[in-house]
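A quick write-up on the structure given underneath.
Every number for a ligand or one of its atoms is a count from 1 in the order of the listing.
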Amino acid sequence: MAELKCILWDVDGTLADTERDGHRVAFNMAFDEAGIDRQWDVATYGELLAVTGGKERMRFDIDRGDMPDMPYETIAALHARKTIHYQSLIAEGRIPLRPGVRRLLEEAYEQGITLGISTTTTPAALDALIEHSLGKEWFDRFAVLAAGDIVPAKKPAPDIYNYALEQLGAAPENTLALEDSANGWKSAHAAGLKCVVTVNGYTSGHHFNGADLVVSELGEPNGNGVDVLQNPHGLELHHVALHHLQTIVRG
Ligand code: XBP
Ligand code: MG
């Protein structure tokens, strides 16, 4: 029987709702500052989230004719400015962790479960969120921070999960992923991982066929109880606890 030894966490939308009020706003600040006639409103950004990776997202918007064309170097420079704006927004402390994230991270850490990050976002953006929303001690508590361009193919490709597993020497059957989006779920699934999904405003309409649990959030013991959207293992739950993840991995 497989045991839960490792949990890999997605970042944007899973640890915190960073997209609408963080990344989106930072992109718009960078476009404005560079004199580019384009702003991504909340709904447009939701469509663009189908493309993972900020530089790739800009390229997609250019290719469909909604942004002026520019060479890769300009996209990369704009994205670097966007990351700086994002770091400032995060440093202002305006993006809290999602409910239950800290509780589950702490429970798993105390139980000796290996913890890692597996994300499409840029390392500098990830570092800002760890420092300002989680706390600096978590730089040492995560055994791997797999992020951004470290692999050529971003989610939904499995590469970033495979990279994290390889760095940890962890087996997929002992590892569970926490995700919020269809692209994230596909990536984790393609890497052979069990996956729990916490949806958010941008992803509640996504399809997660085959996911091990889909809920509105991880929730808190003293909260109202989470909305359970898919529960193929028939778990009894009010909030998501470590023992639920252990049950899922045991199969
Ligand atoms: C989500 C993404 C990222 C962010 C923006 O990543 O697709 O591209 O939207 O980050 P995940 P960058 O859910 O895997 O954390 O601009 O740094 O790419
Ligand atoms: Mg995500």
Practice problem: Kindly give the heavy-atom pair with the smallest separation between Gly53 and Thr120, and that separation in Å. | Solution: N-CG2, 3.3 Å
Quiz prompt | Residue list, side chain to side chain donor-acceptor pair (under 3.5 Å) with Thr14, at least two apart or on another chain | solution = Asp10, Asp180
Quiz prompt | side-chain hydrogen bond (donor to acceptor under 3.5 Å, both in side chains) between His23 and Lys82, worked out | solution = CA-CA 8 Å; His23 290 294; Lys82 171 261 167 179; 2.7 Å; yes
Self-check item: Reference residue Thr198; test side-chain hydrogen bond (donor to acceptor under 3.5 Å, both in side chains); the match among Glu217, Glu179, Arg98
Solution: Arg98
Quiz prompt | Residues lining ligand 1 [heavy-atom distance under 4.0 Å, listed by chain and residue number] | solution = Asp10, Val11, Asp12, Glu19, His23, Phe27, Tyr45, Thr52, Gly53, Gly54, Arg57, His79, Lys82, Thr119, Thr120, Thr121, Thr122, Lys155
Quiz item: Is it true that Arg24 and Glu19 make a salt bridge, defined as a side-chain N closer than 4.0 Å to a carboxylate O?
Solution: no
Self-check item: Of Leu235, Leu178, Val214, the residue whose pairing with Val196 passes side chain to side chain contact (heavy atoms under 4.5 Å, CB included)
Solution: Leu178
Exercise. Measure across Ile36 and Met70 and return the closest heavy-atom pair with its distance rounded to 0.1 Å.
Key: CD1-CE, 3.8 Å
Quiz item: Is there any ring pair (Phe, Tyr, Trp, His ring centres under 6.0 Å) pair reaching into residues 42-74, and which pairs are they, with sequence neighbours excluded?
Solution: Trp40-Tyr45
Self-check item: Pairing of Asp63 and Arg59 as salt bridge, 4.0 angstrom limit
Solution: yes
Quiz prompt | Contacts of the Mg ion (ligand 2) with protein N/O/S atoms, counting only those under 2.8 Å | solution = Asp10 OD2, Asp12 O, Asp180 OD1
